[in-house]
> 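Next up is a structure, given as structure tokens.
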Amino acid sequence: MIKNLIFDFGKVLVDYDFEAFFRKYIPDEKRCLAFTPVLYNEEIQQLLDREERPFETIMEEVIEKNREFEPEIRIFNEHYTEIVTNEVEGMRELLTQLKAEGYKLYGLTNWCSKVHETIAQFGIFKLLDGYVISSEEKVIKPEPEIYHRLFAKFNLKPEECFFADDKPENIEGGKRVGMNGIVFQDAEQYERELRNVLGDGC
């Protein structure tokens, strides 16, 4: 029986747009195209998500390796919260309804420590009963340990949890530790598939 609904943050509860952010602050198209992969790549994102060293330290290391883009990297650091653009349409209303139906709502996200600035910006996060953030745990999805920490922190049984994440590999990671879930596309698709799992249609 599903009692707990688990949500990724980015592209599930809130939306973000790295490319629009970079275009805003780097009007020169060629320079913007050259710079974007410096920060928007899997290696850097995983370093920030795990944050085994402080965010500022990681940024200084990136600057050291990419001196030609130092001004842009510092803009990224100073204006980080602007990357998150809005709440995902329909999700605040849906979470409000699900909470009223008696489900517990939790977050499980790969995000650097600056996530707390985003949490403070958007009301949807107030609906959560708790969350686990990768940069605080120093482990990231889809590593099994981060799911186990979620279960332990809130005394959850994996089989009573249902997970929504926009990345298939993270859903697969959850399934490997006993938690079912779906790859999130939008609020309507999520509710339809959730209701099917719960057995009450939609």
Side-chain angles (χ1 to χ4, degrees), residues 1-20 40 42 45-46 49-50 83-112 115 118-119 121-137 139-202:
M1 179 180 177
I2 301 298
K3 298 179 181 179
N4 313 295
L5 304 176
I6 318 300
F7 299 92
D8 180 26
F9 284 6
K11 299 294 185 181
V12 177
L13 300 185
V14 291
D15 204 0
Y16 60 86
D17 192 332
F18 276 90
E19 293 178 2
Y40 193 37
E42 188 172 350
Q45 293 307 307
Q46 287 195 5
D49 287 344
R50 201 181 296 273
I83 292 168
V84 182
T85 53
N86 49 261
E87 295 179 1
V88 171
E89 184 177 358
M91 285 303 285
R92 191 197 291 212
E93 295 80 4
L94 180 54
L95 263 64
T96 300
Q97 175 62 36
L98 293 168
K99 199 173 183 72
E101 292 175 22
Y103 295 99
K104 292 287 188 180
L105 312 178
Y106 298 98
L108 178 63
T109 187
N110 284 352
W111 210 306
C112 69
V115 69
T118 296
I119 290 171
Q121 274 184 293
F122 296 98
I124 194 168
F125 294 107
K126 292 185 173 68
L127 295 168
L128 298 179
D129 295 289
Y131 43 75
V132 166
I133 297 167
S134 63
S135 55
E136 296 177 349
E137 304 296 327
V139 290
I140 61 175
K141 298 176 290 184
E143 295 167 4
E145 181 61 24
I146 195 167
Y147 303 98
H148 288 303
R149 292 192 192 182
L150 172 76
F151 304 146
K153 184 174 183 178
F154 301 109
N155 195 28
L156 308 178
K157 296 178 180 179
E159 65 272 16
E160 294 178 348
C161 298
F162 190 76
F163 181 36
D165 194 295
D166 65 311
K167 295 183 177 178
E169 61 267 29
N170 294 340
I171 295 299
E172 290 305 312
K175 288 180 178 179
R176 285 194 291 272
V177 296
M179 174 172 63
N180 197 8
I182 59 167
V183 179
F184 182 90
Q185 297 171 16
D186 56 43
E188 182 180 347
Q189 168 259 353
Y190 171 73
E191 182 175 18
R192 182 175 63 252
E193 295 199 33
L194 173 66
R195 297 297 184 190
N196 287 337
V197 169
L198 297 175
D200 52 3
C202 187

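Worth saying up front: this structure is predicted, and the values here are computed from it rather than measured. Position 1 is the first residue of the sequence, and the numbers go up from there.
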> Indicate whether the side chain of Glu101 and that of Gln97 have a donor and an acceptor atom separated by less than 3.5 Å.
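Their side chains do contain a donor-acceptor pair, which is all the 3.5 Å distance test asks for.
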> Apply side-chain contact (heavy atoms from CB on, under 4.5 Å) to Thr118 and Tyr16, showing your working.
CA-CA 11 Å; Thr118 296; Tyr16 60 86; over 6 Å; no
> Would a line drawn from the ring center of Phe9 to the ring center of Phe122 be shorter than 6.0 Å?
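Centroid separation for Phe9 and Phe122: 6.0 Å or greater.
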> For a quick test of reading the model, state the closest non-hydrogen atom pair linking Val14 to Ile124 and the distance between them.
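Looking at all heavy atoms of both residues, the shortest contact is CG1-CG2, 4.3 Å.
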> Distance-only, no hydrogens or angles: does the Arg149 side chain make a donor-acceptor pair with backbone N or O of Glu137 under 3.5 Å?
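The answer is yes, because a donor-acceptor pair under 3.5 Å joins these two groups.
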> Would you name the heavy atoms of Asp8 and Leu13 that are closest together and state the gap between them?
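The pair with the smallest heavy-atom distance is O-CG, 3.5 Å.
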> Would you find a donor on one side and an acceptor on the other, under 3.5 Å apart, between the side chain of Glu143 and the backbone of Val139?
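Checked: no pair found.
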> Do you know the tightest heavy-atom contact between Lys11 and Asp15?
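Lys11 and Asp15 have their closest heavy atoms at NZ-OD1, 2.7 Å.
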> How long is the straight-line distance from CD1 of Ile171 back to CG of Asp166, given to the nearest 0.5 Å?
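Here the rounded value is 9.0 Å.
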> Go through it in stages, so that I can follow the logic: the residues are Leu127 and Thr96, the test is side-chain contact (heavy atoms from CB on, under 4.5 Å), and I'd like the CA-CA distance, side-chain angles, deciding distance and then a yes or no.
CA-CA 7 Å; Leu127 295 168; Thr96 300; 3.6 Å; yes
> Which atom pair, heavy atoms only, marks the closest approach of Asp129 to Tyr103?
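Taking every non-hydrogen atom into account, OD2-O, 4.4 Å.
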> What residues form a salt bridge (Lys or Arg N to Asp or Glu O under 4.0 Å) with Glu169, not counting sequence neighbours?
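Per chain and number, Glu169 pairs via salt bridge (Lys or Arg N to Asp or Glu O under 4.0 Å) with no residue.
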> What distance do Ile146 atom CD1 and Ile133 atom CD1 have between them, rounded to the nearest 0.5 Å?
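Ile146 atom CD1 to Ile133 atom CD1 measures 9.5 Å (nearest 0.5 Å).
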> With rounding to the nearest 0.5 angstrom, report the CG to CD distance, Leu198 to Glu193.
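If I round to the nearest 0.5 Å, the distance is 12.0 Å.
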> Could you go through residues 151-165 and list every donor-acceptor pair under 3.5 Å that involves a side-chain atom there, pairing it with any protein atom two or more places apart or in another chain?
{"residue": "Lys153", "atom": "NZ", "partner": "Tyr131", "partner atom": "O", "Å": "3.2"}
{"residue": "Asp165", "atom": "OD1", "partner": "Lys167", "partner atom": "N", "Å": "2.8"}
{"residue": "Asp165", "atom": "OD1", "partner": "Asn170", "partner atom": "ND2", "Å": "3.3"}
{"residue": "Asp165", "atom": "OD2", "partner": "Lys141", "partner atom": "NZ", "Å": "2.7"}
{"residue": "Asp165", "atom": "OD2", "partner": "Asn170", "partner atom": "ND2", "Å": "3.4"}

> Between the main-chain N or O of Trp111 and the side-chain N or O of Ser135, is there a donor-acceptor pair closer than 3.5 Å?
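At least one qualifying donor-acceptor pair exists.
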> Mind checking side-chain hydrogen bond (donor to acceptor under 3.5 Å, both in side chains) for Glu172 and listing every partner two or more places apart, or none if nothing turns up?
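Residues passing side-chain hydrogen bond (donor to acceptor under 3.5 Å, both in side chains) with Glu172: none at all.
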> Evaluate the criterion side-chain contact (heavy atoms from CB on, under 4.5 Å) for residue pair Lys104 and Leu5; output intermediate values, then yes/no.
CA-CA 6 Å; Lys104 292 287 188 180; Leu5 304 176; over 6 Å; no
> Under the criterion side-chain contact (heavy atoms from CB on, under 4.5 Å), I'd like the reasoning laid out for Phe125 against Leu128: C-alpha separation, chi angles, the key distance, then a yes or no.
CA-CA 6 Å; Phe125 294 107; Leu128 298 179; 4.1 Å; yes
> Write down the atom of Ser134, the atom of Asn110, and the distance for their closest heavy-atom approach.
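Taking Ser134 first and Asn110 second, the nearest heavy atoms are OG-CA, 3.2 Å.
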> Please check: side-chain N/O of Glu191 versus main-chain N/O of Leu94, any donor-acceptor pairing under 3.5 Å?
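Not confirmed, Glu191 side chain does not pair with Leu94 backbone.
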> Within this structure, what is the OG1-CG distance for the pair Thr109 and Leu150, rounded to the nearest 0.5 Å?
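Result: 12.0 Å between the selected atoms.
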> A quick test of your reading: do over 12 heavy atoms of other residues, nucleotides or ligands sit less than 6.0 Å from CD of Glu89?
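No, because the 6.0 Å sphere around CD of Glu89 holds 12 heavy atoms or fewer from other groups.
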> Taking all non-hydrogen atoms of both residues, which atom of Ala187 and which atom of Gly90 are closest, and how far apart?
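So the minimum-distance heavy-atom pair works out to CB-C, 3.9 Å.
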> With rounding to the nearest 0.5 Å, note down the distance linking CD in Glu93 to CG in Leu98.
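Atom-to-atom, Glu93:CD and Leu98:CG are 11.5 Å apart.
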